[in-house]
There are 2 protein chains.
Amino acid sequence: MNIGTASDKSGLPPKTIRYYEDIGLLKPGRAENGYRDYSMSDVHKLRFLQRSRGLGFSVEECRQLLALYEDKERASADVKAIAQSKLGEIERKILELRELQHTLQHLVAHCHGDQRPDCPILETISGRN
Amino acid sequence: MNIGTASDKSGLPPKTIRYYEDIGLLKPGRAENGYRDYSMSDVHKLRFLQRSRGLGFSVEECRQLLALYEDKERASADVKAIAQSKLGEIERKILELRELQHTLQHLVAHCHGDQRPDCPILETISGRN
DNA sequence: GTAATCTTTCCAGTGAGTGGAAGGTCAAGG
DNA sequence: CCTTGACCTTCCACTCACTGGAAAGATTAC
């Protein structure tokens with residue numbers, strides 16, 4: 001199938017699919033006319049990439065995951081290690097996000113919402129101390 | 001203080017601090033010798049940038065967030081509106097991350113982490129379950 | 001006094017795409 | 001058969017938010 005169909009089936013834009021080929025993630029066949037020709041197996045890999053990128057894995061991590069996916073003798077310990085390190089990152093991000101949420105909530109709570117320019121929280125945070 | 005100290009205190013690399021100056025996020029003073037000279041107020045802004053960037057806000061969004069601290073002449077109603085819209089974004093980000101966290105936690109919990117070839121993480125990513 | 005460690009500027013490269021031009025191909029309608 | 005429009009191809013440039021490195025000047029430590 002052509003790249004457009006593969007794009008529809010995988011959820012990845014054609015540009016991205018070509019980019020993934022550029023960086024060696026998958027090599028589809030070529031039709032007589034020079035068009036890329038995607039097999040169902042290629043589409044499965046594209047979907048795999050689409051999902052794992054969406055889970056926050058970097059392209060390099062996706063390359064590793066894809067290799068493990070393709071390798072029937074893979075060790076699931078490798079996959080687990082990658083996923084666990086991602087979990088650590090996610091947790092840190094959530095904690096930081098909550099901190100920022102707190103800061104902004106204070107800001108909003110103490111903001112009069114009228115035309116007066118004074119805002120005690122702004123003054124504090126902008127480093128008067 | 002010099003850029004190195006500001007870097008230590010803010011957690012941002014000197015390169016990034018200079019970049020933020022380049023794109024007009026903050027303009028430190030200059031010492032006699034031409035070195036950038038950071039005040040505590042500058043350091044607070046840098047720390048704020050460090051946090052908000054780490055949470056997925058774009059530099060343009062950070063510019064707006066920073067304006068909440070800097071622009072004391074702004075009608076506080078505007079300040080409040082911007083802060084509240086950012087709060088909405090933060091909440092959505094937290095929810096998204098929690099979903100991702102749940103998915104990955106579930107997958108890690110069911111992954112044996114041994115040499116057996118079946119791995120629920122890969123199976124899920126590849127979309128057959 | 002000299003070596004190590006800043007700091008400065010500028011230029012180039014990264015990751016992960018995205019946009020657009022110039023041209024080749026294909027299926028449908030008149 | 002011809003044209004139109006939707007595809008497809010390559011290539012080059014651009015994005016964003018940095019990051020690395022070179023060359024040169026300033027400061028600090030022994």
Which one of A/Lys27, A/Arg30, A/Lys45 satisfies the salt bridge (charged side-chain N to carboxylate O under 4.0 Å, His left out) criterion with A/Glu21?
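So the option named by the test is A/Arg30.
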
Figure out the [atom1]/[atom2] separation between [X] and [N], and round it to whole Å.
{"X": "B/Met1", "N": "C/dT7", "atom1": "CE", "atom2": "P", "answer": "12 Å"}
{"X": "A/Tyr38", "N": "D/dC7", "atom1": "OH", "atom2": "P", "answer": "16 Å"}
{"X": "A/Asp22", "N": "C/dG15", "atom1": "CG", "atom2": "P", "answer": "14 Å"}
{"X": "A/Lys15", "N": "D/dC11", "atom1": "NZ", "atom2": "C1'", "answer": "9 Å"}
{"X": "A/Asp37", "N": "D/dT9", "atom1": "CG", "atom2": "C1'", "answer": "15 Å"}
{"X": "B/Ile17", "N": "D/dA17", "atom1": "CD1", "atom2": "C1'", "answer": "15 Å"}
{"X": "A/Ile3", "N": "D/dC7", "atom1": "CD1", "atom2": "P", "answer": "13 Å"}
{"X": "B/Tyr19", "N": "C/dT8", "atom1": "OH", "atom2": "C1'", "answer": "19 Å"}

Could you measure the distance from the SG atom of A/Cys62 to the CZ atom of A/Arg51? Nearest 0.5 Å is fine.
13.0 Å

Which residues pass the side chain to side chain contact (heavy atoms under 4.5 Å, CB included) test with B/Pro14, not counting sequence neighbours?
B/Ile3, B/Ser7, B/Arg18

Any side-chain N or O of [X] less than 4.0 Å from the OP1 or OP2 oxygen of [N]?
{"X": "A/Thr16", "N": "C/dT18", "value": "yes"}
{"X": "A/Asn2", "N": "D/dC7", "value": "no"}
{"X": "A/Tyr20", "N": "C/dG17", "value": "yes"}

With heavy-atom distances below 4.5 Å as the criterion, would you say the side chains of B/Gln50 and B/Phe48 are in contact?
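With C-beta onward as the side chain, the pair stays apart.
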
I want to check something: taking the side chain as every heavy atom from C-beta on, are A/Lys9 and A/Arg47 in contact at a cut-off of under 4.5 Å?
no

With sugar-phosphate meaning primed atoms plus P, OP1 and OP2, does A/Pro14 contact a base, only sugar-phosphate, or nothing at under 4.0 Å between heavy atoms?
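No contact.
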
Within the structure shown, what part of the strands sits under 4.0 Å from A/Ile23 by heavy-atom distance: base, sugar-phosphate, or nothing?
nothing

Selection from C/dG17, D/dT19, C/dT18 that lies nearest to any side-chain heavy atom of B/Pro13
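Closest nucleotide to the B/Pro13 side chain: D/dT19.
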
Can a donor-acceptor pair be found, under 3.5 Å and without considering hydrogens, that links the side chain of B/Glu61 to the backbone of B/Ser58?
yes

Using a 3.5 Å distance criterion without hydrogens, assess whether the side chain of A/Asn33 forms a donor-acceptor pair with backbone atoms of A/Tyr35.
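Side chain of A/Asn33 to backbone of A/Tyr35, a donor-acceptor pair under 3.5 Å: yes, one is there.
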
Close approaches to DNA chain C from residues 26-36 of chain B, in residue order (heavy atom, under 4.0 Å)
B/Arg30, B/Gly34, B/Tyr35, B/Arg36

Of B/Leu49, B/Ile17, B/Asp42, the one forming a side chain to side chain contact (heavy atoms under 4.5 Å, CB included) with B/Ser10 is B/Ile17

With axes from five pairs an end, tell me the bend angle of the helix from C/dG1-D/dC30 to C/dG30-D/dC1, nearest 10°.
10°

I'd like to know whether B/Asp8 forms a side chain to side chain donor-acceptor pair (under 3.5 Å) with B/Thr5, so could you lay out the CA-CA distance, the side-chain angles of the two residues, the decisive distance to 0.1 Å, and finally the verdict.
CA-CA 5 Å; B/Asp8 290 345; B/Thr5 315; 5.7 Å; no

